[in-house]
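Before any comments, here is the structure.
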Protein chains: 4
Amino acid sequence: MGGTMDGTRQRRRGDTRRRIQDVALELFAEQGYEKTSLREIAERLEVTKAALYYHFKTKEEILVSIFEDLTQPIEDLIEWGRLQPHTLATKQEIVRRYATALAEAEPLFRFMHENQATVRDLRIGESFKRRIQRLRDIIVDPDAALVDQVRYTSAIFTLHAGMFLIQDMGDDPEEKNRAVLEVAMDLVAQAHRGAGGS
Amino acid sequence: MGGTMDGTRQRRRGDTRRRIQDVALELFAEQGYEKTSLREIAERLEVTKAALYYHFKTKEEILVSIFEDLTQPIEDLIEWGRLQPHTLATKQEIVRRYATALAEAEPLFRFMHENQATVRDLRIGESFKRRIQRLRDIIVDPDAALVDQVRYTSAIFTLHAGMFLIQDMGDDPEEKNRAVLEVAMDLVAQAHRGAGGS
Amino acid sequence: MGGTMDGTRQRRRGDTRRRIQDVALELFAEQGYEKTSLREIAERLEVTKAALYYHFKTKEEILVSIFEDLTQPIEDLIEWGRLQPHTLATKQEIVRRYATALAEAEPLFRFMHENQATVRDLRIGESFKRRIQRLRDIIVDPDAALVDQVRYTSAIFTLHAGMFLIQDMGDDPEEKNRAVLEVAMDLVAQAHRGAGGS
Amino acid sequence: MGGTMDGTRQRRRGDTRRRIQDVALELFAEQGYEKTSLREIAERLEVTKAALYYHFKTKEEILVSIFEDLTQPIEDLIEWGRLQPHTLATKQEIVRRYATALAEAEPLFRFMHENQATVRDLRIGESFKRRIQRLRDIIVDPDAALVDQVRYTSAIFTLHAGMFLIQDMGDDPEEKNRAVLEVAMDLVAQAHRGAGGS
DNA sequence: TATGAATGAGGATTCATTCAT
DNA sequence: AATGAATGAATCCTCATTCAT
């Protein structure tokens with residue numbers, strides 16, 4: 001029970017922390033944060049609950065650490081975005097990159113989306129909200145007409161929805177992703193045009 | 001404890017069931033389903049937990065009953081929509097009405113949105129999914145290009161997002177609602193045009 | 001829902017008390033006393049729990065009433081037995097009649113047998129114990145050798161066991177009952193002979 | 001609360017599981033399964049209810065574990081019995097050993113006897129029934145006359161009854177046990193003779 | 001002769017967390 | 001780097017019982 005010499009355990013040495021994160025995210029995304037117990041995570045890893053506490057101070061900290069590790073690219077994207085001129089080209093580039101970032105950390109973002117009520121009063125709740133806010137600040141032109149502001153926002157949510165919700169549409173996921181991106185880009189373009197952008 | 005002769009209790013007679021639903025929805029929407037305990041609901045109503053069980057068999061049943069009572073308009077809307085010709089006019093009328101229906105049961109829909117992970121394995125999860133599915137079946141033209149299918153879907157999600165997510169935008173909520181509706185209508189129109197509609 | 005004019009309800013008028021006893025005994029025997037709730041009894045009768053309380057002061061009282069109504073024959077038997085001479089013939093007659101009495105109130109006695117732990121601290125517990133005691137006092141000869149006392153006792157328990165436990169033996173229940181009775185009679189005879197009875 | 005340095009706690013280290021079983025059996029036998037709450041068990045052990053759940057998954061599991069630990073001798077006895085020739089000598093040896101086994105785990109068997117209704121739909125119910133069944137298969141000769149089959153069975157129940165029910169008879173328990181055994185042996189002998197044994 | 005509405009006490013179970021080893 | 005044993009607080013839920021109508 002639990003090979004000691006077959007290399008399985010050997011290879012695992014030292015990366016327990018990451019393995020905890022992996023399994024936790026998997027379960028959080030699958031069942032939700034509240035419904036995933038530390039017992040469950042521990043069992044799936046074949047360690048004790050106490051072991052989790054060696055690596056993380058609390059259940060919440062596990063989630064925080066996952067969040068921080070996985071959303072760095074978006075943090076970077078926003079930082080990059082702030083320094084660019086707020087042209088249509090920049091906005092479209094951001095939308096493009098944002099779509100990629102979402103796709104790359106899909107389980108985390110699906111989790112965030114489906115557990116908003118829970119996440120809201122966790123430490124990452126505010127953090128996440130601020131991040132989305134800053135993203136919007138870059139894309140949404142505050143001087144645009146209200147309709148166009150909605151269009152910008154809708155573009156972002158189209159990406160979100162496209163990633164985790166439109167699952168039963170179209171056969172080829174690649175093709176679907178392209179379609180989603182196209183609609184989002186289009187919304188941005190319309191909004192920009194409406195605002196009288198160059 | 002809790003006036004006996006001042007009419008408070010008197011007026012409450014017989015409407016406990018509804019009062020439970022009201023308080024429950026309020027708390028579910030505010031804190032999420034899992035984080036709302038029956039103790040909390042009972043305390044706020046100044047009754048015992050056991051009283052809740054007189055009116056509902058389980059915690060889940062409370063939610064189910066709320067859901068069933070509040071989503072009847074949407075059920076009706078879908079039924080009506082199925083019988084209409086699938087023209088642009090019909091689709092736009094449905095979008096318009098759907099926006100109204102959402103606004104009228106806003107707390108419930110915000111709850112559904114923010115507690116997807118939880119709701120998914122409750123009895124209403126499937127129910128809700130099927131309903132959304134049927135709504136989409138009416139609006140989305142299966143013969144349209146993939147981009148246009150995404151546009152139709154995006155229109156629906158724009159309504160959802162508009163209702164509960166875009167809270168900090170614009171000053172007048174009425175005005176904001178109109179803007180959201182306009183974008184959704186526009187998306188439907190574009191999709192329809194793309195599909196070669198009249 | 002619940003015919004008012006079809007005679008069903010009509011005929012039931014007034015015998016609710018007996019119907020409660022019937023259903024209660026049925027469920028007590030089937031599931032045990034503790035595991036049978038008043039809700040269950042009420043539901044099966046299509047009345048409310050409160051209705052049970054109109055007819056009986058407590059759950060225990062329902063059982064007591066059943067017990068008292070159904071064990072009268074045994075009470076009579078014992079009374080009769082005390083007045084007879086303690087001959088072999090008397091003892092055998094008692095065994096015979098006891099077997100019949102058991103068979104006639106089988107569900108109650110199976111219940112008593114299978115719920116001894118529970119029944120022990122109910123009001124009928126002592127009552128039942130005393131009754132069995134008095135029965136034994138008539139049958140068991142206190143001057144007999146210990147082995148023979150055990151034989152007398154064993155005769156009684158053979159009847160009990162025969163009634164509810166030996167269910168999977170023999171095909172014809174009638175035939176089985178005769179065999180059980182024969183063994184019991186035999187044990188009494190042996191005991192009597194050992195004691196040097198006439 | 002509960003000596004820390006006086007050795008009491010020290011000595012307890014590691015044997016909590018067994019202590020739970022001991023106290024549980026004691027209470028189950030005394031009050032019945034349903035009427036014994038985990039709170040009661042925990043209190044008597046001066047631990048929390050949660051501690052019980054560290055050692056056993058459910059209340060039922062506590063009972064199951066007791067049952068399995070204590071009935072091994074009987075399991076062994078049956079296994080041994082199956083391999084012997086079905087002679088009178090074997091049967092009598094089994095009866096003798098069974099009497100001993102019963103005496104040694106008396107609280108458990110009294111519990112099983114007095115809580116049949118409850119035990120029936122617990123996991124051990126079937127288990128127990130099968131065990132008794134197999135014991136009977138060894139002792140009872142299926143070709144014997146019905147009366148003799150009843151005699152064999154009666155022998156087993158005489159042992160049971162003798163152990164827990166005939167408490168107020170005779171002064172010396174040792175002597176009583178011998179008498180009970182003698183009657184059981186006698187019943188087996190009679191049955192065997194009737195069946196045309198040597 | 002019943003019901004509708006409620007209570008108070010208690011049930012088993014689960015959870016995140018702690019700490020000595 | 002991890003375990004074994006335990007806790008305290010909370011959870012949902014069920015039950016027998018009451019009482020005004």
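Side chains included, hydrogens not; waters and symmetry mates left out as well; all remaining heavy atoms used. These numbers come from a predicted model, not from an experiment.
- Base pairing annotation: E/dG8 forms a Watson-Crick or G-U wobble pair with F/dC15, both donor-acceptor distances under 3.5 Å.
- Going from atom CD of A/E40 over to atom P of E/dC15 covers 8 Å, rounded to whole Å.
- A donor-acceptor pair is defined here as one N or O able to donate and one able to accept, closer than 3.5 Å; no such pair exists between the side chain of D/R44 and the backbone of D/I20.
- A residue-by-residue look at D/S37 and A/K35 shows that D/S37 has its nearest nucleotide of DNA chain E further toward the 5' end.
- A/F28 has its side chain out of reach of A/N115: every pair of non-hydrogen atoms, C-beta onward, lies at least 4.5 Å apart.
- Between C/F67 and C/F128, the ring-plane angle classifies as perpendicular under the 30° and 60° cut-offs.
- Rounded to whole Å, atom P of F/dT17 lies 11 Å from atom CD1 of C/I41.
- Judged by distance alone with a 3.5 Å cut-off, no donor-acceptor contact links the side chain of A/K59 to the base of E/dT17.
- Both C/Y33 and D/H55 lie close to DNA chain F; mapped to their nearest nucleotides by heavy-atom distance, the more 5′-ward contact belongs to D/H55.
- Going from atom CD of D/E61 over to atom P of E/dT13 covers 10 Å, rounded to whole Å.
- Here the nucleotide nearest the side chain of A/K49, chosen from E/dT7, F/dA16, F/dA6, is F/dA6.
- Between D/R39 and E/dA12 there is no side-chain polar atom (N or O) within less than 4.0 angstrom of OP1 or OP2.
- Of the candidate nucleotides E/dT17, E/dT13, F/dT17, F/dT17 has the atom lying nearest to any side-chain atom of C/L38.
- With rounding to whole Å, C/I20 atom CD1 is found 11 Å from E/dA2 atom C1'.
- Where C/A50 and A/A51 meet DNA chain F, the nucleotide closest to each residue was compared, and A/A51 sits on the side nearer the 5' end.
- Residue B/T16 places at least one side-chain N or O closer than 4.0 Å to OP1 or OP2 of E/dA6.
- Proximity of A/Y54 to the phosphate of F/dA2: no side-chain N or O atom is located under 4.0 Å from OP1 or OP2.
- The CD1-P distance, from B/I62 to F/dT11, rounds to 14 Å in whole Å.
- A donor-acceptor distance shorter than 3.5 angstrom exists from the side chain of A/Q116 to the backbone of A/H113, with no hydrogens or angles considered.
- Taking only side-chain nitrogens and oxygens, B/Y53 never comes nearer than 4.0 Å to OP1 or OP2 of F/dT14.
- Note that C/K59 lies outside the cation-pi zone of C/Y53, set by a 6.0 Å cut-off to the ring centre and a 45° limit from the axis.
- Pairing for E/dA20 is with F/dT3, a Watson-Crick or G-U wobble pair whose two hydrogen-bonding atom distances lie under 3.5 Å.
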